[in-house]
Amino acid sequence: MQNYWLMKSEPDAFSINDLKRLKRSPWDGVRNYQARNFMKEMNEGDLIFFYHSSCNPAGIVGTAKVCKNAYPDHTSWDKNSAYYDVKSTPEKPRWFMVDVEFVEHWSSIVTLAELKQHPELADMRLTQKGSRLSVMPITKSEWEYIVTLLKK
DNA sequence: GCCAACGTTGGC
DNA sequence: GCCAACGTTGGC
């Protein structure tokens, strides 16, 4: 069964243009348990909204898909990595990542401000005050609704 | 197991 | 750059 997700990235660190250029990439560096657990639930072929955060404007800029199920994030035991975690080892990995593949880079951005205006999207974690989760599930109806926003 | 203190996220 | 909201840590 295909599921839908939203993943945040700061474009200065990793943007949709980076993914477009690379075609596929590991989604490393997630160090939040809820986000990690959602990645573990992902399956190859699941679709992803690619969200640019900490920029102006923040919003969804395109889509990607899961092309490799969750596996240990090796940057967590790399002492030279910014994502190093002393409690994660190859024998007992604490953090996981998936690989994602570029699908679409939209010609326009669906901004957070716009998403917040639609009652249909009020249940999304993204549109709720104070939400910082960087990987979250999206319902099929939310996915389809957001795609129609794009065509307007 | 509680909770204060701290560090981080991320919109504005 | 500010700061509200959140997650994590660690003392007790």
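Not measured: the values here are computed from a predicted model.
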*Are OP1 or OP2 of dA4(C) and a side-chain N or O of K129(A) less than 4.0 angstrom apart?*
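So the side-chain polar atoms of K129(A) never come under 4.0 Å of the phosphate oxygens OP1 or OP2 of dA4(C).
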Output one line per pair: protein atom, nucleotide atom from nucleotides 8-12 of chain B, and distance, for all N/O pairs under 3.5 Å.
residue, atom, partner, partner atom, Å
dT8(B), O2, R132(A), NH1, 2.8
dG10(B), OP1, K8(A), NZ, 3.3
dG10(B), OP1, R132(A), O, 2.5
dG11(B), OP1, Y51(A), OH, 2.8
dG11(B), OP2, S54(A), N, 3.0
dC12(B), OP1, K116(A), NZ, 3.2

*When you check the gap from the basic side-chain N to the acidic O, do D73(A) and R94(A) get nearer than 4.0 Å?*
no
*Can you tell me if Q128(A) uses its side chain to pair, donor with acceptor, with the backbone of D123(A) under 3.5 Å?*
yes
*Got a donor-acceptor contact below 3.5 angstrom from the T111(A) side chain to the G59(A) backbone?*
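No, T111(A) side chain to G59(A) backbone: no donor-acceptor pair under 3.5 Å.
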*Gap between atoms CZ and C1', on F38(A) and dG7(C) respectively (whole Å)*: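 About 15 Å, once rounded to whole Å.
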*Rounded interatomic separation in angstrom, taking CD from Q128(A) and C1' from dA4(C)*: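 Rounded to whole Å, this separation is 16 Å.
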_Centroid-centroid distance, W5(A) to Y51(A), less than 6.0 Å_ =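 Here the rings of Y51(A) and W5(A) have centres that are no less than 6.0 Å from each other.
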*Any chance you could measure M39(A), atom CE, to R36(A), atom CZ, to the nearest 0.5 Å?*
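So the CE of M39(A) and the CZ of R36(A) are separated by 9.0 Å.
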